[in-house]
Amino acid sequence: MEKWRLRATVVALLLGIWLLARWDGDISPEGHRWDVRMVPVTLYFGAPDAAGVAPEIRWLPVAQSDARARLAALVEGPRSPGLSPSIPRSAVVRRIEDVGGGTIVVDFGGGIVRDHPGGSAGELITVYSVVNTLTELPGVKEVRWLIDGQAVESLAGHLDLSRPVARSDEIIVDPRSFGPQAG
């Protein structure tokens with residue numbers, strides 16, 4: 001009986017080794033893989049006391065690090081302590097289009113206006129959270145804003161969005177000035 005167990009164990013181990021050698025890395029029928037390459041992306045959220053926007057590094061799969069994924073991460077909100085959400089959770093990205101010349105057009109649904117907290121600081125944080133996050137993408141220099149497919153003058157009445165908005169490094173707050181960064 002003991003000899004049989006030893007043989008069964010050896011056969012099972014050999015079968016397991018053979019299966020591992022032939023396995024192509026799929027972990028599900030949909031083809032997800034363990035070896036997904038991740039890249040760091042910089043997102044900008046509200047800094048404490050609405051002092052500006054602060055960077056948060058997130059690791060996203062390479063295939064999901066485009067403009068749409070970055071905006072979805074902004075809507076999801078920050079993970080770092082001390083940072084505040086910059087976009088209402090109800091915000092929906094309807095369309096994103098690279099129109100060339102360093103300009104990207106982002107068309108949000110009306111929730112970004114309807115559920116915006118208002119105020120000049122809140123509007124600055126929302127706008128530059130989006131603009132600075134998207135200008136981290138290669139070749140993107142400015143963002144043109146649309147709401148429900150229409151050009152808008154502003155989100156909350158304080159910042160001119162009738163023209164594309166360029167990145168602002170002056171509004172970025174160093175996260176070390178208010179605490180540790182998570183990601």
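On a predicted model such as this, the values are computed, not experimentally measured, just so you know.
- A salt bridge is absent between Arg163 and Glu153; no separation between the charged side-chain nitrogens and carboxylate oxygens falls under 4.0 Å.
- Between Tyr128 and the options Asp169, Leu159, Thr135, Ile172, a side-chain contact (heavy atoms from CB on, under 4.5 Å) holds for only Leu159.
- No path of Ile, Leu, Val, Met, Phe, Trp and Tyr side chains, each step under 4.5 Å between heavy atoms, connects Leu155 with Leu146, placing them in separate hydrophobic clusters.
- Between the Asp160 side chain and the Ser162 main chain, a donor and an acceptor come within less than 3.5 Å of each other.
- Put simply, the residue from Val165, Ile96, Val106, Leu74 that forms a side-chain contact (heavy atoms from CB on, under 4.5 Å) with Leu134 is Val106.
- Contact detail for Val53 and Ser129: the closest heavy-atom pair is CG1-N, 4.0 Å.
- Closest heavy-atom contact between Val41 and Ser65: CG1-CB, 4.0 Å.
- Without hydrogens or angle criteria, Glu136 side chain to Leu43 main chain gives no donor-acceptor distance under 3.5 Å.
- Across every non-hydrogen atom of Val36 and Pro61, the tightest pair is CG1-CB, 3.7 Å.
- For Ala73 against Phe45, the heavy-atom pair with the smallest separation is O-CZ, 3.8 Å.
- Residue Ile112 holds its CD1 atom at 8.5 Å from OG of Ser90, rounded to the nearest 0.5 Å.
- Connection of Ile104 to Val152 is established within a shared hydrophobic cluster, with ILVMFWY side chains joined at heavy-atom distances below 4.5 Å, either directly or through further cluster members.
- We find that Arg176 and Asp174 are joined by a salt bridge, their nearest charged nitrogen and carboxylate oxygen being less than 4.0 Å apart.
- Inter-residue side-chain proximity for Pro55 and Pro175 is flagged as met; some heavy-atom pair is nearer than 4.5 Å.
- Checking side-chain atoms of Glu97 against main-chain N and O of Val105 turns up no donor-acceptor pair under 3.5 Å.
- For the pair Ser84 and Pro78, the minimum side-chain heavy-atom distance is 4.5 Å or more.
- A donor and an acceptor atom, one from each side chain of Tyr44 and Arg167, are located under 3.5 Å apart.
- Ionic pairing of Arg144 and Glu142 is not present here: no N-O contact between side-chain nitrogen and carboxylate oxygen is shorter than 4.0 angstrom.
- When every heavy atom of Ala121 is checked against every heavy atom of Ala50, the shortest pair comes out as CB-CB, 4.0 Å.
- Remark: side-chain polar atoms of Arg95 are not paired, donor with acceptor, to backbone N or O of Gly149 under 3.5 angstrom.
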With side-chain contact (heavy atoms from CB on, under 4.5 Å) as the criterion, how do Asp148 and Phe108 come out once you've worked through the C-alpha distance, each side chain's angles and the decisive distance to 0.1 Å? CA-CA 6 Å; Asp148 289 329; Phe108 284 99; over 6 Å; no
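- Using modelled atom types, one side-chain atom of Glu123 and one backbone atom of His158 make a donor-acceptor pair closer than 3.5 Å.
- Here the closest non-hydrogen pair linking Ala69 and Gln64 is CB-O, 2.9 Å.
- Taken to the nearest 0.5 Å, the OG1 atom of Thr103 stands 8.0 Å off from the CG atom of Asp98.
- Taking OG1 of Thr42 as the start and CG of Leu137 as the end, the distance is 10.5 Å to the nearest 0.5 Å.
- Taken from CZ in Arg37 to CH2 in Trp59, the straight-line distance is 11.0 Å, to the nearest 0.5 Å.
- Ser86 contributes atom OG, which lies 10.5 Å from atom CG of Asn132 (distance to the nearest 0.5 angstrom).
- No path of Ile, Leu, Val, Met, Phe, Trp and Tyr side chains, each step under 4.5 Å between heavy atoms, connects Val99 with Leu71, placing them in separate hydrophobic clusters.
- Rounded to the nearest 0.5 Å, atoms CG (Asp107) and CZ (Arg94) are 4.5 Å apart.
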